[in-house]
Amino acid sequence: MLVALSAVLNDLLSQVEEFVEDATRRIGEVSYAGLGELKSELFGKRSALNVLKKQLGELDETERKAAGQRLNEARGDVGEMLETRADQLEAAARAVRYEAERLDLTEYGETAALGHLHLVTQARDRLEDLFVGMGYEVAEGPEVETAWYNFEALNIPDWHPARGSFDTIFVELGGPEEVMLRSHTSPVQIRVMETTEPPIYIVAPGRTFRSDTADATHLPAFNQIEGLVIDRGITMGDLAGTIDEFVRGFFGTEVKSRLRPSYFPFTEPSAEFDISRPDGSWLELGGCGMVHPNVLRNCDIDPETWQGFAFGFGIDRLAVMRYALDDIRELVNNDVRFLRQF
Ligand code: DAH
């Protein structure tokens with residue numbers, strides 16, 4: 001049965017459509033700040049929706065049902081629209097806030113001053129490169145050592161006067177004078193020979209420590225580089241040639257080297273090596289020699305089959321010589337005006 005709609009219902013339905021139209025437009029235009037107000041205007045007590053709801057009472061039951069349904073739908077649709085819009089506006093507001101709060105931690109452009117490696121590090125890297133170029137490998141050892149590695153295995157027993165010359169800094173661990181900051185890089189020789197089958201060709205750069213007061217030529221914490229070769233038929237001539245090769249590689253081909261007889265407990269024969277200065281004088285650089293048979297035996301290497309040489313010198317001193325510095329302490333003062341020059 002088709003029933004003609006009453007004028008009241010018609011009017012009400014068209015008001016609902018008007019409400020939806022009006023709400024759609026206003027939701028599209030609303031700003032983030034206006035959201036709350038719009039919501040109460042659309043759905044609050046005094047909203048058009050509420051007024052229309054009250055008018056439902058003027059309709060008969062069938063019409064009221066139809067109108068009520070349409071009113072609910074409209075309310076739901078408009079509510080959904082408003083929520084979607086609110087989500088969009090909130091995301092946009094959040095993006096603006098994040099952008100404003102962002103901390104730019106990158107430095108770039110001309111204003112950022114780039115540093116460079118410390119000159120001792122540069123010297124160490126160059127030495128490593130030179131020796132790697134000659135077929136050596138780079139080895140490392142701990143900075144805290146036991147008496148066995150720092151002294152005994154290197155043929156320096158505890159009664160040996162050479163122990164005193166090292167001004168060792170001991171660590172309060174184990175028995176008296178059992179554990180120490182290594183006073184040279186020579187213990188790395190032992191660690192390598194203990195764990196590696198010859199032939200061995202290594203250099204071991206690293207920090208070393210002695211209880212020296214810092215002065216123009218001494219630092220209590222300094223850097224050394226150790227070299228060790230163990231192979232068949234190695235002679236003092238190989239040692240001299242190797243020293244010569246690296247001195248010319250490091251300082252330039254015009255610089256000469258020489259060996260002078262000396263004494264170290266871990267080498268026999270032992271020598272000190274010097275480099276030539278432009279004025280014809282000689283400058284002492286480090287110690288070297290043929291690895292002592294006792295040292296080889298301490299590492300279970302048969303001295304009848306294997307021979308070798310070793311050398312060691314200070315990297316900081318090398319840098320001091322190369323750049324003709326007046327005072328070794330400049331290396332650790334960390335005055336950028338000084339460091340920048342290298
Ligand atoms: N370890 C010695 C020192 O610090 C330097 C040295 C001398 C190392 C002779 C050697 C060597 O390998 O054969 O005074």
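Because the structure is predicted, anything quoted here is derived from the model rather than measured. Just follow the structure's listing: the first ligand is 1, and inside any ligand the first atom is 1.
The aromatic rings of Phe311 and Phe273 stand perpendicular to each other, their planes meeting at an angle above 60°, with 30° marking the opposite boundary.
Within the listing of ligand 1, atoms 12 (O) sit less than 4.0 angstrom from a heavy atom of Gln189. Listed by number with element, the atoms of ligand 1 under 4.0 angstrom from any heavy atom of Thr267 are 13 (O).
Rounding to the nearest 0.5 Å gives a distance of 7.5 Å between CZ of Arg210 and NE2 of His184.
Only the side chain of Phe266 comes within contact range of ligand 1, with a heavy atom under 4.0 Å; no backbone atom does. Under 4.0 angstrom from ligand 1, the non-hydrogen atoms of Cys288 all belong to its backbone.
Residue-to-ligand polar distances place Ala310 within reach of ligand 1: an N/O pair is separated by less than 3.5 Å. Inclusion of Ser186 in the set of residues having an N or O under 3.5 Å from an N or O of ligand 1 is warranted.
When Glu226, Arg182, Arg210, His292 are ranked by how near their heavy atoms come to atom 3 (C) of ligand 1, first place goes to Arg210.
The closest approach between any non-hydrogen atom of Gln224 and ligand 1 is below 4.0 Å. At a 4.0 Å cut-off, not a single heavy atom of Glu268 sits close enough to ligand 1 to count as contact.
Looking at atom 5 (C) of ligand 1, its nearest protein heavy atom turns out to be Gly312 O, 4.0 Å.
For Phe313 and Phe246, the ring centers sit closer than 6.0 Å to each other.
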